[in-house]
Amino acid sequence: MSVKPGIPRNSLIWLLVAQVLVILPHLTHLPLWIIGLWLGCATWRIQIFRMRARYPRSWLKALLMIGAGFGVYFSRGSLVGLEAGVVLLIAAFILKLVEMSTRRDALVLIFLGFFAVVTSYLFEDSLLAGLYSLLPVTALLAAMIGLQQSSLVTRPWPTVRLAGSLLLQAVPLMLVLFLFFPRLPPLWSLPQAGDRGVTGLADHMAPGDIARLGRSPELAFRVSFDGDIPPREQLYWRAVTFERFDGRRWSQSYASHLPQEPEWQAVGEPLGYNVVMQPSGQPWLFALDVARVAPGQAQLMSDFHLQRRQPVNQPLMYQVTSWLDARREAVRAPESLGRSLQLPERGNPRARAWAMELRRSAQEPQAMVDALLKHFNRQPYHYTLEPPPVGDDIVDDFLFETRSGFCAHYAGAMTFVLRAAGIPARVVAGYQGGEVNPAGNYLSVHQFDAHAWVEYWVAERGWVSVDPTFQVAPERVEQGLEQALARERSFLADQPMSLLRYRDIGWVNTLRLRWDSLNYGWQRWVLNYQGEQQTQMLQRWLGKLDAQTLGLGLVAILGVLTAVLALFLFKPWRRETDPHQRLFRRFERLLARHGVHRNKGEGARSFAERAAATLPEQAPAILAFVRLYEAQRYAQLPGTTDELSHSLRQLRRALPWRLPKPAGRS
Amino acid sequence: MRILPRFRDRWLLRRIPPAPSVRLNQRRIFIMPTAVGLAFLVALLLMLLTAINYQNSLAYGLSFLLGSLYLVTILHTWRNLAGLLLQAGGTTAAFVGEQALLRVRLESAGRAYQAVALGWPASGLRLVDVAAGGTVEVELSLPTERRGWLRPGRVRVESRFPLGLLVAWSWIDLELAALVYPQPCVAERPQGHSAPETEDEGTLARGAGVDDYQGLRAWQPGDARRRLHWKAYSRGQGLLVKDFASLLGNDPLLDFDTLDGDPERRLSMLCHWVVELSEKQQPFALRLPAGVIGPDGGQAHRDACLRALALHGLGGEGSA
């Protein structure tokens with residue numbers, strides 16, 4: 001036919017739409033100039049289609065490509081890595097649009113579009129993002145269909161409807177593949193999506209750090225317990241311990257990175273639960289003391305925190321068993337005790353003096369701790385998210401001047417005083433409590449649940465956890481941060497958009513909890529449906545399976561589904577009835593609704609005449625339809641069924657919606 | 001060397017026997033991935049690798065969705081031919097060197113068919129849509145090289161709709177045949193005498209508009225351009241028109257035997273004069289070794305003469 005098949009209008013329209021839809025979710029991590037480039041290229045391509053502009057010459061194309069390369073280099077600092085790679089992909093996706101002149105080019109563009117959708121998943125994989133991505137995929141398919149259609153087809157909607165129905169028909173097969181297709185471990189390592197400004201605990205703690213987290217409504221992790229959810233007071237989620245103090249900051253000691261399991265004894269009933277944590281950018285996992293996870297997943301470090309090899313950059317699911325009453329390093333004094341006594345040479349003289357004084361009057365370490373807790377309880381300490389600034393001697397200023405602070409202040413000060421009194425102690429950072437979601441019977445822990453507490457070592461009992469904040473603001477532990485800050489009204493004060501602020505409005509809260517539960521399900525059952533999870537699930541449903549049975553079963557199910565779809569598409573039971581016959585059936589049904597039934601063996605003509613006699617007002621329309629039907633069916637006159645169905649429509653319009661019973665007329 | 005195509009032809013002959021009307025069914029439709037389809041599969045594999053290496057469930061999901069789509073497309077591509085009825089339409093004869101036109105009717109038994117391509121790969125396929133329950137006639141043109149019956153053989157009907165990932169096709173023989181006349185070749189009118197049986201009836205007027213050359217006269221507006229005497233014009237004698245008068249005279253006889261040269265050339269010359277005389281609406285007779293046609297005038301006579309010229313010496317093929 002034509003020498004060089006151009007791109008039909010329909011296809012071009014859907015390509016342009018698809019491009020907007022593909023690029024939209026990428027905007028959060030694309031440099032601004034990409035948008036300008038896109039607008040320019042899209043306008044240019046439309047002008048080419050309207051024959052008002054020409055295709056770019058090859059030197060200009062080369063210039064644009066080099067320009068885009070430089071743009072990526074300058075805005076991302078490199079041409080390799082995931083971020084730069086995605087910008088390059090999008091730039092190519094945009095530039096290809098201008099250059100596109102043949103169907104082949106259009107196909108390249110469409111395939112690039114599919115890849116761009118895949119890369120968008122690496123940055124955002126929420127339920128909404130997944131559902132949204134169906135839009136660009138549908139548009140890309142519509143563009144692909146448009147390429148095949150003859151140029152006479154110009155209406156864009158039927159094309160996209162066909163694309164949508166193709167996708168819908170593919171969904172059952174896709175679900176089967178998703179469930180049964182074996183998940184492999186990564187074949188080689190690829191650059192990961194880098195630091196996306198994740199909020200969360202850091203590996204050090206200055207006085208204001210945790211208070212800053214206290215303002216963030218972001219999710220930290222969700223937990224499903226195998227049994228009942230334990231009371232809030234027991235939910236101390238350990239993330240990391242801080243053993244080094246430099247006078248201002250608490251930080252991890254190098255020794256706590258040693259993958260050496262400390263000595264501990266399980267006491268009491270084990271508690272099983274499943275955690276799905278959000279990306280934290282840090283290698284540690286959250287768990288209740290003392291925790292054990294599957295060997296490959298993480299290692300219990302010498303300070304009882306769980307750590308894995310790589311930082312958690314994607315949502316991570318793990319199963320934990322904890323012994324809440326376990327005795328930790330109680331048998332003999334651990335070698336690490338020295339680290340838990342370290343203090344800077346100078347600074348905070350009043351606190352040191354006060355510690356010595358307390359120690360002298362208390363004698364026993366435990367009595368000393370009790371005295372300290374009593375001090376926090378009795379003295380006018382104040383729990384606040386907005387602590388006043390302190391000077392160089394942060395512990396002195398807090399203990400004797402301001403006396404108001406967030407959990408980090410209390411934990412830091414208590415650890416300092418204990419150490420100054422010669423009792424080994426360290427700060428534990430993590431999260432405390434969480435919000436029970438009744439919709440899914442699980443616990444959501446947010447960033448504002450971040451907490452710091454203290455553990456000290458005494459002979460024979462080992463490490464003992466203690467929370468000084470509880471003495472100052474018991475409602476923080478018993479009910480949560482919002483109640484603890486009720487007087488101050490500072491809970492999420494700078495987060496007006498966060499639904500968490502509106503927990504007291506019943507329906508908003510119900511809606512929020514439902515949505516959260518949905519997202520959790522998405523994360524647990526869809527995003528984390530990887531190797532082990534899949535094996536477990538399939539075993540639970542189908543019992544023990546070997547790879548061969550699985551493969552054969554997969555092929556069989558796919559075959560059955562395809563056969564069902566084929567039946568649905570081809571409708572072999574309707575093969576014989578031709579379209580004229582089908583329209584005549586509809587005609588019959590229409591008249592039957594108005595009380596005229598065709599007798600067995602009655603011809604079309606005599607039936608119509610009888611109907612015309614019964615419905616004299618519609619007689620012309622009835623007879624017109626039958627005449628056309630006979631002409632097309634028996635006289636083999638040419639004509640499409642369109643004409644006949646048009647005639648049927650006219651008859652339907654001529655008939656009133658409902659006629660009085662024929663009996664009423666005679 | 002040519003064993004494979006011959007084997008294929010024989011196999012096709014058994015599977016899809018020639019008939020003037022063929023309905024495409026599962027025995028007659030073949031389906032294969034196209035180059036685009038293979039590229040799509042490679043792209044899917046890359047997506048799957050991305051999914052595996054990033055352990056990303058959504059990327060897995062999209063790869064599976066597009067993979068399932070590929071399976072679904074097999075059905076849809078196949079369906080876009082299944083049930084289609086193809087019938088041989090009329091053909092239009094052509095002179096050697098022109099395009100012969102062959103018509104094929106496509107009829108839908110219910111579904112709409114989109115972008116069905118029809119034709120011969122060598123001369124390009126025509127793309128047509130068939131409405132639900134509708135009929136479409138496609139005119140296929142073929143270049144002609146030899147006189148006689150042009151039998152293009154099997155027509156390829158294919159469809160890549162909807163996604164172009166697969167091609168479903170069939171080779172059907174609708175027993176299409178177009179008559180190809182010899183190529184007209186300008187020559188002196190063969191100096192044949194008038195047909196013997198009309199010798200005495202030369203004065204009989206044979207219908208209106210029977211003209212014969214009379215002489216030259218000055219051109220007037222309204223005169224047919226093809227009657228202009230170009231030679232005179234080139235000699236600078238102004239625009240002259242060959243004047244024809246109604247003549248009740250002898251009809252010319254175009255005789256194969258009076259011409260010289262090889263038979264094909266002779267046929268071409270006769271062909272030229274058949275066309276020329278028919279255009280002038282002058283009755284004539286044509287004598288070929290096989291017999292005499294005419295004298296007569298009119299379209300039917302012209303067609304009979306041209307057909308005889310086209311099929312001269314081609315043996316038993318005249319029956320088709």
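Letters A, B, ... are given to chains in the order of the sequence lines, protein chains preceding strands, and every chain is numbered from 1.
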Checking A:Leu167 against chain B: side chain, backbone, both or neither under 4.5 Å from a heavy atom? both
Checking an interface table here. Which of residues 179-186 of chain A come within a heavy-atom distance under 4.5 Å of chain B? A:Phe181, A:Arg183, A:Leu184, A:Pro185, A:Pro186
Any donor-acceptor N or O pair under 3.5 Å, side chains B:Thr144, B:Glu98: no
So what's closer than 4.5 Å to chain B heavy atoms on A:Trp525: side chain, backbone, both or neither? neither
Which bit of A:Val137 is near chain B, if near means a heavy-atom gap under 4.5 Å: side chain, backbone, both or neither? side chain
Contact part of A:Leu162 toward chain B, heavy-atom cut-off under 4.5 Å: side chain, backbone, both or neither? side chain
Identify which part of B:Phe40 has an atom lying under 4.5 Å from any heavy atom of chain A, answering side chain, backbone, both or neither. both
Given heavy-atom pairs under 4.5 angstrom as the criterion, report whether the side chain, backbone, both or neither of B:Asp129 touches chain A. side chain
Looking only at the aromatic ring of each residue, does the gap between the centers of A:Phe178 and A:Tyr529 stay below 6.0 angstrom? yes
Classify the side-chain pair B:Thr92/B:Arg103 by whether it contains a donor and acceptor separated by less than 3.5 Å. yes
Nearest heavy-atom pair of B:Ser63 and B:Leu44: which atoms, and what distance? O-CD2, 3.8 Å
Relative to chain A, which of B:Val36, B:Leu49, B:Ile74, B:Leu71 shows the most heavy atom pairs under 4.5 Å? B:Val36
Minimum-distance pair of heavy atoms, taken over all atoms of B:Arg28 and B:Arg15: NE-O, 4.3 Å
State, to 0.1 Å, how close B:Asp173 and B:Arg154 come at their nearest heavy-atom pair, and which atoms those are. N-NH1, 3.8 Å
Toward chain A, the part of B:Leu48 with a non-hydrogen atom under 4.5 Å: side chain
Note: vs chain A, highest number of non-hydrogen pairs under 4.5 angstrom among B:Gln55, B:Gln114, B:Arg160 is B:Gln55
For A:Tyr121 and A:Ser133, which I'm curious about, is there any donor-acceptor pair between the side chains at under 3.5 Å? yes
Test A:Ser126 against A:Glu124 for side-chain hydrogen bond (donor to acceptor under 3.5 Å, both in side chains), laying out the working first. CA-CA 6 Å; A:Ser126 68; A:Glu124 174 71 50; 3.1 Å; yes
If one checks every heavy atom of B:Ala39 against chain A at 4.5 Å, the contacting part turns out to be both
If you count heavy-atom pairs under 4.5 Å with chain B, which of A:Leu166, A:Leu561, A:Val118 comes out on top? A:Leu166
Toward chain B, the part of A:Gln530 with a non-hydrogen atom under 4.5 Å: side chain
